[in-house]
Amino acid sequence: MSMANPGMDPEVFEQFIEQLRRYVRERLIPAEDEVIAQDAIPADILQEMREMGLFGITIPEEFGGAGMNISQYIETVKQLSYASPAYRSTVSINIGMTGSAIKNFGTVEQKAEWLPRIASGEIACFGLTEPGSGSDSAAMQTTAARDGSGYRLSGTKRYITNSPHAKVGLIMARTSKEALPKNAHVSAFIVDMTTPGITIGKPDKKMGQAGAHIADVIMDDVRVPGSALVGGEEGRGFQIAMQSLDNGRLSVAGMSVGMGRRALDTAIRYATERKAFGEPIANFQLIQAMLADSEAELYAAECMVADACARADRGESVMRKAAVAKLFASETCGRVVDRCVQVFGGAGYLAEYPAERFFRDARILRIYEGTSQIMQLQIAKHLLREFATEGAVW
């Protein structure tokens, strides 16, 4: 068990969250139409987010970050996710996956070189998924061939969030042709995305999440120095990816709660304003049932996320708990946005109203950082392994 993480001073954190809540409502939500129209976060808002320190909330203070623990980080994600998902998406890889991988596994030199850049808002990406492999790392095709003291990376990564803007990439690649036990054929590399041989594909057109960009990363004989190998050790890439995915899964769970709250609040407001049969539809019990079910499920998801984060901060392994929280919260958000459309009725199907956008934006939550089905397999695997080790009390 690792040391507990006290994180940022609680009073300072409360002040930060209050400031963020206001910023989300007064600045980010009013800019959503522009984000959608331009398919990009306005440059002035991006700069404000950098100045607020949002790209470095989990980075230790000595490297220019805020030093938040996991509970504080996920609470920040929840608050940010009340607005359009593009905002959270832009900072998420810096503070969750790439930043945490370097913080937890990097050498002293790697931390000193890369963490200040990430905390200052140089956008990061995380390269695990490929055209033929996602959760199945044994099928990974990207290779890292030794070249003197360094390596040459070749292969294609797919659906890579932020890659069109990224300056820093954490890239997983095979350092062994054979699939080794415990996925020890996979290693992790910190890559300057301006390195010759890296090409970024055209951003993919998506169902939702306007302003959040994904694209292919194509690497053709990309020369990286030996100092790019995370932790200076081959074969740890899968372990690094999985721990980073725990963070990513808690982040998606927190995001699911934030988006679900926005959808529920929007449905409540519409139900009190829209009249049918001479009275607000909020007076009708079948509308109330949808609102009540949404509240109950979101509260359950919030409790799960809070518990998993608290356990992670105490140093517990939360692989199973993170998978459970991600599974439940993302499925919950899917149901809540569906009910939001239903409360809006015919208007819910029109792009003029926000319910239609919430519905599309939320659909990816059950897919990325591991699909709901992969979460089920992870959870079941842990349960069965525990049973085999500990047995059951009848």
Side-chain angles (χ1 to χ4, degrees), residues 93 96-102 104-107 109-110 113-114 118 123-204 213-248 368-371 374:
I93 310 298
M97 301 176 79
T98 296
S100 69
I102 297 170
N104 294 331
F105 295 96
T107 63
E109 294 78 14
Q110 286 168 341
E113 180 178 357
W114 295 102
I118 288 171
I123 291 172
C125 65
F126 185 87
L128 175 64
T129 305
E130 297 186 357
S133 74
S135 302
D136 175 14
S137 73
M140 185 180 289
Q141 297 294 310
T142 298
T143 56
R146 286 202 172 230
D147 177 33
S149 62
Y151 295 84
R152 290 192 177 273
L153 304 183
S154 293
T156 298
K157 298 294 179 180
R158 177 144 294 170
Y159 309 136
I160 305 304
T161 298
N162 293 339
S163 58
H165 319 288
K167 299 284 190 288
V168 183
L170 196 85
I171 306 294
M172 304 294 160
R174 303 180 77 101
T175 38
S176 164
K177 284 191 172 68
E178 303 303 313
L180 299 175
K182 296 188 176 177
N183 293 288
H185 55 284
V186 180
S187 300
F189 297 87
I190 309 168
V191 179
D192 182 325
M193 296 300 285
T194 62
T195 307
I198 296 178
T199 310
I200 307 299
K202 194 176 170 189
D204 295 300
H213 300 140
I214 61 171
D216 285 2
V217 175
I218 302 121
M219 293 165 289
D220 182 14
D221 209 27
V222 177
R223 177 74 166 70
V224 298
S227 60
L229 180 66
V230 179
E233 195 181 333
E234 289 186 5
R236 297 186 71 195
F238 188 73
Q239 179 193 2
I240 292 167
M242 289 305 102
Q243 190 160 327
S244 295
L245 278 172
D246 283 349
N247 268 328
Y368 61 13
E369 318 301 2
T371 61
I374 287 290

Side-chain donor-acceptor pairs under 3.5 Å in residues 189-202, sequence neighbours left out?
residue : atom : partner : partner atom : Å
D192    : OD1  : T194    : N            : 2.8
D192    : OD1  : T194    : OG1          : 2.5
T195    : OG1  : D192    : O            : 2.5

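Side-chain contact of S100 with Q243: a donor-acceptor pair under 3.5 Å is absent, judged by distance alone.
Side-chain atoms of M140 and H185, non-hydrogen and from C-beta on, never get closer than 4.5 Å to each other. Under the 4.5 Å side-chain criterion, counting only non-hydrogen atoms from C-beta, Q239 is not in contact with V186. With contacts defined as side-chain heavy-atom distances shorter than 4.5 Å, the pair T143/K177 does not qualify. A 4.5 Å side-chain heavy-atom check between I171 and V222 finds every atom pair outside the cut-off. In this structure, T175 and Y151 have side chains that are in contact, with non-hydrogen atoms separated by less than 4.5 Å.
Counting only distance, with no hydrogens or angles, the side chain of E369 and the backbone of N247 share no donor-acceptor pair below 3.5 Å. No donor-acceptor pair under 3.5 Å is formed between the side chain of S187 and the backbone N or O of G237. Side-chain N or O atoms of Q110 include one that pairs as donor or acceptor with a backbone N or O of G231 at under 3.5 Å.
From L153, atom CG reaches atom CG of D220 across 11.0 Å, with rounding to the nearest 0.5 Å. Between atom CG of residue D216 and atom CG of residue D204 there is a gap of 6.0 Å, rounded to the nearest 0.5 Å. Of the inter-residue distances, the one linking I218 atom CD1 with T142 atom OG1 reads 11.0 Å to the nearest 0.5 angstrom. Put simply, OG on S227 and CH2 on W114 are 8.5 Å apart, with the number rounded to the nearest 0.5 Å.
Across every non-hydrogen atom of L128 and L245, the tightest pair is CD2-CD1, 4.1 Å. Contact detail for P164 and P203: the closest heavy-atom pair is CG-CG, 4.0 Å. When all heavy atoms of A101 and L170 are compared, the pair lying nearest together is CB-CD2, 3.6 Å. The nearest pair of heavy atoms linking A241 to M172 is CB-CE, 3.9 Å. Here the shortest heavy-atom pairing between C125 and I160 reads CB-CG2, 3.7 Å.
A salt bridge links E130 with K157: the distance from a Lys NZ or Arg NE/NH1/NH2 to an Asp or Glu carboxylate oxygen falls below 4.0 Å.
Pairs of residues two or more places apart, or lying in two chains, that qualify as side-chain hydrogen bond (donor to acceptor under 3.5 Å, both in side chains) and include a residue from residues 161-174 are H165-H213.
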